[in-house]
Structure formats: C-alpha cells, structure tokens
Amino acid sequence: MADEKELRYDPATIEPKWQQKWAADPTLYAAEPKECGKPKYYVLEMLPYPSGQLHMGHVRNYSIGDALARHMWMRGYNVLHPMGWDAFGLPAENAALKNNTPPREWTLANIAAMKRQMQRLGLGYDWATEVTTCLPEYYRWNQWFFLRMYEKGLVYRKQSKVNWCPECATVLANEQVVNGCCWRHEDTIVEQRDLEQWFYKITAYAQELLDGLDTMEGWPEKVRTMQRNWIGRSEGTEVDFGLEGSGAKIRVFTTRVDTIFGATSVQLAPEHPLIKEFCVSDAELKAKVDLLIEEQKKAKESGDLGAIEKHGVATGRFAVNPYNGEKVPVWVANYILMDYGTGAIMSVPGHDERDFEFATKYGLEIRRVIAPAEAGAEEPALPYTSEDGVLVNSGAYDGLRCTEAEKKLQEVAASGGFGEAKVTFRLKDWGVSRQRYWGTPIPMIHCAKDGLVPVPDDQLPVILPAQVEITQQGGSPLSRVADFVNTTCPKCGGPARRETDTMDTFVDSSWYFYRYTDAGNSSAPFEPATAQYWFPIDQYIGGVEHAILHLIYSRFWTKVMRDLGLIKNDEPARRLFTQGMVIKDGAKMSKSKGNVVSPDDMVVRYGADSTRMYALFAAPPDRDLDWQEDGVAGVSRFLGRVWRLATKHAEAARAGRSRKYEAPSGTALKLLRKLHQTIARITQDFEGRWHFNTCVAAIMELVNEMQAADAELSSGAVEAAVIHELLRSLVLLLAPFAPFLAAELWEELGEEGAVLRAPWPACDAELAREDEQEIPVQINGKLVTVVRVAAGADAKTIEAAALADEKVLARAAGKTVAKVIVVPGRAVNLVVK
RNA sequence: GCGAAAGUGGCGGAAUUGGCAGACGCACCAGACUUAGGAUCUGGCGGGGUAACCCAUGAGGGUUCGAGUCCCUCCUUUCGCACCA
C-alpha cells in the first residue's frame, strides 16, 4: 500500500523540498563577475508593485522570463535575472488610511509576502541584487540624478496648468491621463489646475527618442508606433502675421504654408496672451472668451477634445498676411490649444477640413489656392486637402508644386524676418512633482535670500520622515512635518524650507534595471564598468500597458545617463517582448468581475510546475490567455505521467549511465529520433519564436511515444543506455518549464549537481533524420493519397511512386495526365484531364 | 474616421517557407482495471454519408498545379490614435 502511494506524483512534497535546497544555495541563480569569460545574457521582467498578492499576469510574465533565463543558463551564458519592487506610490497611503498601518510597514510586509510567492513558484532570481525603490539606499540616487539633471538644465520649475486627480489628490503627468480620466481611477475626471511644478526636460530628447525607434528592431512594431504617435513630430512653418494698428505680431504654426494665400482668418486659442490683452479693455469680449475657455476645459476634462462643438468669436481686430499684405479677421476659437504650436493658426477653409467646417458655420470666405497637378483635371470639391497639387491664386507662387512652394515660402519668410521652418512635437516635458507622502523627496531647498538651492550631494539622501499624518486633503503631507520642512540654507546658512513635493513613481522605475547590476553600491548609483558589461538588457518582458509611460521614460533616462558619462548604450533594451493578458470567461481578471484566479490556490491544488507550465501551454505568450482550470489539471496529469515514466525506468537509466549505445534500431531508434526532433524544435523556439505552447506540446508528444513503448522499455528490448539518454534529455528539456519536477527526476536518475548547470541537450541531426517520408499526392489539387518514399527522394522517384499508386491509377483511369508537379519532400500534384 | 492585430471543432489552440487542416491539451463518449482516486490505462471524438466519397479555416471574389497561409471587397472583435493646426 505504501509502495503504491509512492507511485503518485505529489508536487506538495517535491516542490517544498527543492524550494528549501535552492534557498540554501545563493549562488545557484547568481550572476557571475564580468571576468568569468562566458557571454552575458540579461533577462528582465518588469518589476511589480508590491500590492501584497501576485496575480496571474505576474505568474505568466515571470514564467516566460524564468523559462528563458533557465534555458540560457543551460546554454552556458552568464545570466543576470534579477527582481525588485516598485515600492513607492499611492496604494500604500490608502492602506495607511484604511488600516492605520504606516506605508513603509505595509509595503515591506507586502514585499515579504510576494517574495514568498515567487520562491514558492520556483522563480530563479538572484535575490542578492534585489532592489526596493522605497528604501533610502535606492531613492537617494533618484535625488542624485535629479541634482545632476538640474545642473545640466534638464530639470526646471514652472507654474503651469497641470492635470489634477481629485481622487489621488495629486498631479498627473500627461502620460497618466487616459481619456480624460486618471490612469489609476478610470472613472475620475482629471481637472486642470495651476501649480508650481518640477519638470524633467524630456523634450530635449524628443528627436532622438523618435529616431531611435527606427533602429529598435527587437521591439514590437506596435510599441514603436505608439511611441511615435506620442512623440508626435510635425514639420511645418511659423509665420508672423502683423496685428493691424499695433506693432504686435501673431505667430502662427502651420504644416501647409503653401496654402497661406488661402488664409481667410487667423484663429487664436482662448488663453492666448494677446486675447487676454484684448479682454482687458473689452468686457463683452472677455465674457465670450471666458465661455470658450470653459468649453475647452470641459472638453479636455471629458477627454474627448475631438467631439467639441467648434465655437468662435470675432475679436474685431485684423491680422496682416506678410506674404501679400492682405487683411484677415482675427478670431478666437475653443478648439485652438494654447499648448500646441504657438497657440495660433491661420485658417485655410479651402484646404483643411476643420477650417472648412468653421468657415461654413461663420460665413467666412472659402478660397481655392491649390489645384490638382495634372493639367486639365476637373476641379475637386473643397476642401481639397491633397498635397499633390500646384498653387493657384497665390501671386508670384502660382504654378509651383506644393512641396516646392513650401520650401520657397519658408526661405522668403526667413530672409524677410517674419518666419521660419519649424518642427513641433506633441511630447511635453515630464511633470514629476506629486503632492503625496509616499515617494522620493525632491532634494531642493527654498531660501528667502538665495531662492532655489539644491541639496548638496553630501547631504543626500533627504530622508522621507517616518511619522507623517496622511490625509486625503490637497497639499503635500510633508508640508505639515515641521522637522522636515524647516532646515537651513546650504548657501547662506539662514533658515529655509525644504521642497515638500515628492517625485512621480515613474522616476523610480526609469532606471531600476541599472541598479540591479550593482545593487549594493553606496557611493554611486552603480559602477559604470559593471553596467556597461550588462547593458543593454538582452530581453525585457512585460505588459503592453507600459508601452508609453514606463518605456518612454526609461529610454529618456538612459540617454541622460549616457550624456552624464555613466553608460555607453543609447537604449536600455535590445529586445522587448510584450506578453498578452490573462483573461477568464472572456474578460480581464478583476475583482469587480469576480473572475480572479489566485496563483496560491493553483499552487496548492496542482503545484507550481503545473501552474507555470499551464501559463506557457495555454496560448502563445504574445496572445491573450484564457485561464481554464481544467487545463491546469491536464498539465498536472501530464507531469504525473512524466513522473511515473521516469521513476519506473530510473533504475534502467542509471544502469545505462556510463555506457554508450551503438547503432540503435527498431523502437530504440524510433524513440531517439523523436527525442532529437523534439530537441531541435524546442531549441529553435528559444532562439526567438518563443511559442512555448508548442514546445510543451512537443514534449507531450515525446512522452506519449515513450509511454506507448512502455513494454519495450520494461522488457529490455530497448537497451539501458538508450533509456538513459531518453530520460536524461527529457528532464533537461523539461527544466525551463517545470523546474521542480526536473530537479527531482535529475536526482532520481542519479545525476550530480544542478540541472541548471548541465548543458542544454544538443540535437544529433543524424539521429533526428527520418529515413522515409510520406508525400501527399493530389489530383487536380485534391488530396487522393499518400505515398511513402525514401527521405530525400528526387522528383523522378516521387513521381514514379505516385503514378504507381493504386488509388491514383483508379482515379486516372481513362484520362490523360497532362502535367505532373513534384515538390520534393513536400507534395505531388497530377493535372488530369 | 485613421492605424494595427486577430477571426480555424463544443473549448484553449496547431499548421515557422503556399503543399496531408485540426498537432498537443480540455470537455465529452465507450471500454478496461479498481486500491473508488482530484485516480490510472485503451479506444473514439469537425460536419454529412452504410460506403466509395463529399463538404469545411468569418463572407464573397481572385492569383496558383495547389490557398487557413498571398491579393481585392466586405463583416465582426480587440487594441492604439483621433480637432495637434
């Protein structure tokens, strides 16, 4: 009875046993020093926010990364596979309010819990390089970078309109506003507020961030496109229209300066400084403008600026077109944005959809100034927006093609001093001030005498105080901590106040992966030589939801660090992989939908190996994965079959360990052939295709075939040396996907050392080769039969075999074979009439 | 509206280059065994037909000896962008 019990695969005893062994060996998953001579491989999964619980998305992400890391270890690489915690942020403050637990305590407890989950899952991380962003050992370098960037003019402070989430009671970066709502509170409308804020000058790198995308072939095209759109480069021209009866100029931005002779009005943003000026002496206008401002604000807050109903007001002033001296009315309109271009446009109704709509509504003149390039073509209806045309009604420029005219007009503007070619970006500078407690203190001091004074390096880190009352009211919680706020000015020594805003948590995650390379460094963020050895990251893996926020900030930070001389790489990661979501019953797992599956439950019921392997088996990693618990049970059953097969024949395998088989035949050859074909398939997939679902399927096929030959394996018909190779290689193939079972069976087979240190099995092409193959035979494109020929048979042989086949003869009887198409190794098609 | 990806059995999915559609797994059906287990083993499992065969990869066209795969039109779903001058 006891014996029978032992024949059951029991992950609940196997897995904790190995978990303990691995925990006791810190070198197992540790990277080696750069002098080790092996090629390096840096595989990174996005670090989690320590919410306290891993979810299935994490399990999937880490199962992919861990399989890759283990494979690369077995391929002989020096692998860096680290993990850390994106530990600052609002949930800790919310939890503090709810449970009266200090954010630090809450966060560290969550980290401990999630680390336990990761270890239980058998994820192979080097915990010696663990990074926790909320600890001063880490965030002091956020402060250090802030100061270096301040010195380089890449940090500045300005009063600006900011996105304010009433729920978070703090500011959001543009990137954190989704459809007019907060990225963390999908139903909370973001307000616009005026505040003094710190900014990182990401726009200084706009062009480089854009150009880099073209060379980043290891990144998904989808992510690159999203970043291109976000950066939003647009080439055009700035032109000064004179304001009639004053020396003032109205500078407009246009991408179609070639249409400027068709400009029949100039439109200003409601918040344009000139409009403010007009309003000072014109209460009636001011009232109308205020209404436009209100409409625009509402539209911005609802996130659907595109749906705004266009409204405009004529100011009664006129602007002068510098090219022809023409007077056109100056309007103010609710769809013109102050923060794009110059906040002013020229309106060309004849050749722009929007302007056409506006002009039609308000009865402004619509003029044709572009005609189709082909002579004699019919005049197209207005608005005619094609750039493939020639200028008409445009004075001296008539007859020029649009692109020529654009250049010419830019030259004229430049030499006349009333304009120039100009590139505009949608990308805005990154506002990093947050009126929150749980974040990196901004290392600046406000002195009444000396103004803004940076905290000197030797006073870093500026420690985030522990005892802080957290409330949901606006204003920085730190401003209520007198001990923190009151300080002395580093310059004059007089009394001064500390900056009380903290940094956006996306600062933390913009460079954490550099810190992994030298996590213990207390005199620098990392040693440049070490970072240069490991960077760029060879494979970064995470969710596509970070396509813009995290991944654009990280690229920016890398370029800044390069310009500070710390690193040599231009981009952080050579390859990026975005895995699909985990869904259940057709919807993303979420508490509100009640379809959340807990990883802990899965591990308890089926074990970590089955849970991880299912996450890889159920779908290709880049696609969404539908979680079906019956599928996990299926994988678990499969691992049970592997376990029984291996333990049953372990003795034979051990006996065959030191022997070598010769010229296998029959079942032995068949199994070895299947084995080596499987090795080839899986090895190839790890090189880049990453269809781990089919890798697992291939292992299942192999096991099915071995199981079908159970009688021969047991009877001695297959010699021990062959059984040894079969089982040993099977365990190696399984190691990246089911590390616990692999370790257990490795031991069972009498192998020494860790599976991870054993070389990945090599495919023996000779053994893998089939000596016969089946060739489908078609008649007129329809499959009729299959003929067996020797592998590599030439076209003649295949044709002869096909023509000799009974079914073919029967079908072709009385007809003429008009043509025979033979694709050796693939198919035969007979065209029969 | 613009752009991208996807659409294959009851379900998840396979078919890397145009060449046997449905690998592998789930669910289901039948049987064996029984220690009655969250077992295990054997067989079946797209549709129609007794069969030979015929039909089938969102719909419709096309290219080709041959199309799930390439081209065109359309439909559906998901994602991204959307007065950016």
Side-chain angles (χ1 to χ4, degrees), chain A residues 1 4-5 7-9 220-223 225-226 228-230 232-234 236 252-256 267 269 299 304-310 333-337 339-348 352-355 357-358 424-426 544-545 547-548 580-581 586 605-606 614 617-620 622-638 640-641 644 681 684-685 688-689 691 693-701 703-704 707-708 710 774-786 810 818-823 825-832:
Chain A
M1 196 124 156
E4 296 294 335
K5 188 84 184 167
L7 283 175
R8 287 270 287 284
Y9 164 57
E221 192 51 50
K222 181 187 166 112
V223 171
T225 304
M226 283 167 75
R228 273 189 204 106
N229 290 340
W230 188 261
R233 183 182 199 270
S234 147
V252 304
F253 175 70
T254 173
T255 53
R256 290 297 304 276
Q267 309 271 341
D304 204 358
L305 208 56
I308 193 171
E309 206 195 322
K310 288 184 188 58
N334 62 355
Y335 69 97
I336 308 296
L337 308 169
D339 58 3
Y340 183 79
T342 59
I345 64 154
M346 63 178 199
S347 179
V348 184
D352 181 280
E353 302 272 359
R354 264 171 329 191
D355 295 347
E357 187 192 330
F358 192 88
T424 301
F425 293 94
R426 283 184 54 202
V544 75
E545 65 273 16
I548 297 190
M581 284 188 306
R605 282 190 219 180
Y606 306 102
Y614 176 74
F617 177 60
D622 55 333
R623 293 250 287 268
D624 285 352
L625 183 157
D626 187 32
W627 195 270
Q628 298 185 354
E629 192 168 329
D630 285 337
V632 190
V635 171
S636 172
R637 278 198 290 273
F638 164 71
R641 283 209 304 278
R644 283 190 297 276
R681 246 175 103 174
Q684 209 182 343
D685 248 299
R689 204 173 81 119
H691 281 197
N693 54 331
T694 57
C695 290
V696 174
I699 298 175
M700 287 172 170
E701 282 182 51
V703 169
N704 289 347
Q707 206 176 356
D710 190 63
E774 293 188 330
I775 304 287
V777 181
Q778 301 172 325
I779 289 184
N780 296 336
K782 299 237 176 213
L783 180 76
V784 171
T785 187
V786 165
K819 197 175 170 190
V820 180
I821 294 125
V822 183
V823 185
R826 287 294 199 181
V828 186
N829 191 15
L830 309 171
V831 184
V832 169

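Every chain is numbered from 1, with letters handed out A, B, ... down the list of sequences.
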Whenever both distances are under 3.5 Å in a Watson-Crick or G-U wobble pair, mark it; put RNA chain B into dot-bracket that way, with [ ] for crossing pairs and | when the partner is on another strand. (((((((..(((......[....))).(((((.......))))).(((....)))..(((((..]....))))))))))))....
Looking only at the side chain of A/Arg623 (C-beta and beyond, no hydrogens), which of the listed nucleotides B/A85, B/G13, B/C24 gets closest? B/G13
Can you check whether A/Arg8 has a side-chain N or O nearer than 4.0 Å to OP1 or OP2 of B/U35? no
Is the phosphate of B/C41 approached by A/Gln707 (side-chain N or O, under 4.0 Å from OP1 or OP2)? yes
Looking at B/C24, B/C79, B/C20, which one has an atom nearest to any side-chain atom of A/Pro776? B/C20
Which class fits the ring pair A/Phe358 and A/Tyr335: parallel under 30°, tilted 30 to 60°, perpendicular over 60°? tilted
Picking from B/C41, B/G37, B/G13, which would you name as closest to the side chain of A/Asn693? B/G13
Residues forming a side chain to side chain contact (heavy atoms under 4.5 Å, CB included) with A/Asp685, sequence neighbours excluded: A/Arg689, A/His691, A/Thr694, A/Cys695
Step by step, work out the side-chain contact (heavy atoms from CB on, under 4.5 Å) result for A/Ser234 and A/Phe253. CA-CA 10 Å; A/Ser234 147; A/Phe253 175 70; 3.9 Å; yes
Can you tell which of B/G12, B/C20, B/G38 lies closest to the side chain of A/Tyr606? B/G38
With A/Tyr606 via ring-ring contact (aromatic ring centres under 6.0 Å, His included) - residues at least two apart: none
What's the CD1-P distance between A/Ile699 and B/G25, to the nearest Å? 13 Å
Whole angstrom value for the distance that separates C1' of B/U16 from CD of A/Gln684: 7 Å
Any base atoms under 4.0 Å from A/Thr254, or only sugar-phosphate, or nothing? Heavy atoms, all strands. sugar-phosphate
So which nucleotide from B/U40, B/G19, B/A21 ends up closest to the side chain of A/Arg644? B/U40
Respond yes when some side-chain nitrogen or oxygen of A/Arg233 is under 4.0 Å from OP1 or OP2 of B/C84, and no when none is. no
What is the distance, to the nearest angstrom, from the CD atom on A/Glu701 to the P atom on B/A23? 10 Å
Identify which nucleotide among B/G13, B/C20, B/G19 has an atom closest to any side-chain atom of A/Ala619, counting heavy atoms from C-beta outward. B/G13
Using O4'-C1'-N9-C4 for purines and O4'-C1'-N1-C2 for pyrimidines, with syn meaning within 90° of 0, is B/G9 syn or anti? syn
Which of B/G25, B/G38, B/C83 is nearest the side chain of A/Asn704? It is B/G25
Can you identify which nucleotide, out of B/C84, B/G12, B/G80, has its nearest atom closest to the A/Leu337 side chain? B/C84
What's the closest nucleotide to the side chain of A/Ala697 if the choices are B/C65, B/A85, B/A23? B/A23
Which nucleotide sits closest to the side chain of A/Pro620: B/G13, B/U16, B/A85? B/G13
